[in-house]
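Here is the structure we will look at, set down as structure tokens.
Nothing fancy with the numbering, it's 1 onward along the sequence.
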Amino acid sequence: DGGYLGAFALKPLSEKWTLMTAAAYSVGSNDYSGYFAAIGASYQFDKKQSFKLFAATEDSDYGSDQNLVLGYTYQFN
């Protein structure tokens with residue numbers, strides 16, 4: 001048994017830039033616990049193309065990890 005509580009937020013900084021944040025905390029059976037947090041930004045080139053960069057960290061009873069993520073999106077119509 002277990003559960004988690006989390007939040008995700010997007011905040012427009014300008015017409016092209018958006019701030020992204022996320023966080024979560026989890027608990028479970030056998031005294032398991034862990035957390036996750038991330039922050040980053042996205043840039044909208046035009047209606048079809050965007051770029052994002054964010055950093056994330058997590059720590060739980062299974063170990064810890066840190067990531068830096070780059071992403072490019074192209075939307076086909």
Side-chain angles (χ1 to χ4, degrees):
D1 295 325
Y4 70 93
L5 177 64
F8 176 76
L10 298 172
K11 177 169 177 53
L13 300 174
S14 70
E15 190 174 305
K16 301 268 186 185
W17 286 98
T18 301
L19 178 68
M20 306 179 300
T21 60
Y25 181 74
S26 59
V27 293
S29 56
N30 298 322
D31 293 324
Y32 168 82
S33 67
Y35 72 87
F36 165 83
I39 188 165
S42 116
Y43 182 81
Q44 188 80 34
F45 294 106
D46 55 35
K47 290 184 179 185
K48 294 184 176 185
Q49 300 179 82
S50 65
F51 169 80
K52 65 184 168 203
L53 170 67
F54 66 91
T57 186
E58 64 179 290
D59 188 32
S60 74
D61 293 340
Y62 298 121
S64 63
D65 197 13
Q66 292 79 37
N67 295 292
L68 183 62
V69 179
L70 294 169
Y72 171 79
T73 300
Y74 182 87
Q75 183 174 338
F76 296 97
N77 287 340

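- For Asp31, the CG atom sits in a loose shell: 12 or fewer heavy atoms of surrounding residues, nucleotides or ligands are nearer than 6.0 Å.
- Note that the NZ atom of Lys11 and the OG1 atom of Thr21 stand 10.5 Å from one another [nearest 0.5 Å].
- The minimum heavy-atom distance linking Gln44 with Ser50 is given by the pair OE1-CB, 3.7 Å.
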Derivation and outcome, side-chain contact (heavy atoms from CB on, under 4.5 Å), residues Ser26 and Tyr32
CA-CA 8 Å; Ser26 59; Tyr32 168 82; 3.4 Å; yes

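- Sparse packing is recorded around CD of Glu15, with 12 or fewer heavy atoms of other residues, nucleotides or ligands lying under 6.0 Å away.
- In this structure, Leu68 CG and Thr57 OG1 are separated by 12.0 Å, a value rounded to the nearest 0.5 Å.
- Linking Ile, Leu, Val, Met, Phe, Trp and Tyr whenever their side-chain heavy atoms come within less than 4.5 Å puts Val27 and Tyr35 in one cluster.
- A pairwise comparison of heavy atoms in Phe36 and Ala22 identifies CE2-CB, 4.1 Å as the closest pair.
- The number of heavy-atom neighbours closer than 6.0 Å to OH of Tyr62, taken from other residues, nucleotides and ligands shown, is 12 or below.
- At a threshold of 4.5 Å between side-chain heavy atoms, the hydrophobic network of Ile, Leu, Val, Met, Phe, Trp and Tyr places Trp17 and Phe8 in two separate groups.
- When all heavy atoms of Asp61 and Ser33 are compared, the closest pair comes out as OD2-N, 3.1 Å.
- For the ring-ring contact (aromatic ring centres under 6.0 Å, His included) test, residues two or more places apart in sequence or in another chain that qualify with Phe45 are Tyr43.
- Around atom CG of Leu5, no more than 12 heavy atoms belonging to other residues, nucleotides or ligands sit under 6.0 Å away.
- Tracing side-chain contacts under 4.5 Å through hydrophobic residues (I, L, V, M, F, W, Y), one reaches Ile39 starting from Leu13; they form part of the same cluster.
- Summarising the local packing, CG of Asn67 is surrounded by more than 12 heavy atoms from other residues, nucleotides or ligands at distances under 6.0 Å.
- One hydrophobic cluster, built from ILVMFWY side chains closer than 4.5 Å, holds both Leu10 and Phe54.
- Tracing side-chain contacts under 4.5 Å through hydrophobic residues (I, L, V, M, F, W, Y), one never reaches Tyr25 starting from Tyr4; they form parts of separate clusters.
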